[in-house]
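Below you'll find the structure, written out as structure tokens, and then a few comments.
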Amino acid sequence: MPELPEVETLARALRNSLIGRQIVRADVHWARAVITPSSSSAFADQVPGHRIRDVRRRGKWLMFALDGSKWLLIHLRMSGRLVVEEAEVPEDPHTRVLLHLDDGQQLRFSDPRKFGRMALVDDPEEILSGLGPDPLDPALTPRDLWEMLRGKRARLKPLLMDQRLLAGLGNIYADEALWEAGLHPLRRSDTLSEEEAERLHRAVRRVLEAAIARQGTTLPDRRYLLPDGRPGEFASHLAVYGREGKPCPRCGAEIVRVRLGGRSAHFCPRCQPE
DNA sequence: CAACCGACCTGTTCGC
DNA sequence: TGCGAACAGGTCGGTT
């Protein structure tokens, strides 16, 4: 579910409500949601007592900086959700981990599909070392991207979703960025001109920033919601994702969907020629 | 190295 | 209406 804009939105919202809060207790209802430490009871023993100093994001990972130089990292994968609620509010039946806070509220991680994971570590690199640069990092230049692409010979769509290249794009925003750049999802990465790579660089940033400005994409199933229950508003701005058979906003041609490595890719056959 | 597939899981939507 | 198949925003490991 959540890609970079959704995780960024969550990080910003949680930053406001959680900085300064102390975690007083942890209940793990689904042990496999915890990857580090390897025993979830050790996790439940070690988390309490820490105060939350900051909430950040790297790629699709949420990072809670705790005092005592510990980090709590959370990845929501497909169906994970985080909410902050008063203890009296009934628990979602899919709640996997519950963190009790010192103000009586609870940070709840719920996840129907049980794909989401969290870790308590001394050094975030233990978990994040394989990630590529953040696409919004100002240090990442169009030329950097061009060189990264030239060093591979994969098709653009799967490559944009490869977190080792860039950290944060998933199925929705990879499709949207390629449409914005006017590049075909099957285009081989080592055939781009420097100008095309620059267009892609600009497109990725523009799409991600626009989505963050609208607080992410909530699709009709409403699986992604802000911590206060409000939906993100970017769905109505999607050009291609989930719009098979509908007109391209730029040229009116019908949006096409193809299967690519087991996933759907959406594009405009006129604006994104092969 | 690149591409594909099944696993991991459950819930919802689709097609007959 | 009912029911199984297909599909879903992600990632990993194994195979071709």
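Just so it is clear, the values below take in all heavy atoms, side chains as well, and ignore hydrogens, waters and symmetry mates.
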Using 30° and 60° as the class limits, which term best fits the ring planes of H75(A) and W61(A): parallel, tilted or perpendicular? perpendicular
Donor-acceptor pair, D27(A) side chain versus L98(A) backbone, under 3.5 Å? no
Quote, to the nearest angstrom, the P distance that separates dC5(B) from dC7(C). 13 Å
Applying a 3.5 Å limit to both distances, which nucleotide forms a Watson-Crick or G-U wobble pair with dC9(B)? none
Under 3.5 Å donor-acceptor, Q272(A) side chain and L183(A) backbone: yes
Show me the protein contacts with nucleotides 5-8 of chain C, counting only N or O atoms at under 3.5 Å.
residue: dA8(C); atom: OP1; partner: S264(A); partner atom: OG; Å: 2.8
residue: dA8(C); atom: OP2; partner: R259(A); partner atom: NH2; Å: 2.6
residue: dA8(C); atom: N3; partner: R113(A); partner atom: NH1; Å: 3.0

At what distance, to the nearest 0.5 angstrom, does CZ of R187(A) lie from CG of L149(A)? 10.5 Å
Contact under 4.0 Å: K60(A) side-chain N or O vs dG10(C) OP1/OP2: yes
Nearest-nucleotide pick for R155(A), side chain only, options being dC4(B), dA2(B), dT11(C): dC4(B)
Measure from CZ on R164(A) to C1' on dC12(C) and round the result to the nearest Å. 10 Å
Does dC9(B) have OP1 or OP2 under 4.0 Å away from a side-chain N or O of H94(A)? no
Contacts of W30(A) and R153(A) projected onto DNA chain B by closest heavy atom; the upstream (5') one is R153(A)
Could you tell me how far apart R58(A) (CZ) and dG10(C) (C1') are, to the nearest whole angstrom? 17 Å
Under 4.0 Å, counting only non-hydrogen atoms across every strand here, what does L76(A) touch: a base, just sugar-phosphate, or nothing? nothing
Using whole Å, report how far CZ of F115(A) lies from C1' of dA7(B). 8 Å
It should be established whether H75(A) places a side-chain nitrogen or oxygen under 4.0 Å from OP1 or OP2 of nucleotide dG10(C). no
Can you check the M161(A) CE to dC4(B) P distance for me, whole Å? 13 Å
Tell me whether the side-chain N/O atoms of K114(A) come closer than 4.0 Å to OP1 or OP2 in dT10(B). yes
Expressed in angstrom and rounded to an integer, what is the separation of L160(A) atom CG from dT11(C) atom P? 14 Å
Can you confirm if the NZ or CZ of R150(A) lies within 45° of the ring axis of W146(A) and under 6.0 Å from the centre of its six-membered ring? yes
Between the side chains of T95(A) and R108(A), does any donor sit under 3.5 Å from an acceptor? no
When rounded to whole Å, the CD to C1' distance for the pair E3(A) and dT11(C) reads 13 Å
For residues 77-94 of chain A, please give each side-chain donor-acceptor pair under 3.5 Å, one per line with the distance, not counting sequence neighbours.
residue: S79(A); atom: OG; partner: D111(A); partner atom: OD1; Å: 2.5
residue: S79(A); atom: OG; partner: R113(A); partner atom: N; Å: 3.0
residue: D92(A); atom: OD1; partner: H94(A); partner atom: N; Å: 2.5

Within this structure, what is the CZ-to-P distance between R77(A) and dT10(B), rounded to whole angstrom? 15 Å
Are Q163(A) and dT11(C) close enough that a side-chain N or O sits under 4.0 Å from OP1 or OP2? yes
Of the options dT11(C), dA2(B), dG11(B), whose atoms approach the side-chain atoms of P112(A) most closely? dG11(B)
dC1(B) to dG10(C) separation - C1' atoms, rounded to the nearest Å: 22 Å
Between dG2(C) and dC9(B) - P atom distance, rounded Å: 31 Å
Measure the distance from CG on L165(A) to C1' on dA3(B) and round it to the nearest whole Å. 16 Å
Can R56(A) be said to sit on top of W71(A)'s aromatic six-ring, NZ or CZ under 6.0 Å from centre and within 45° of the ring axis? no
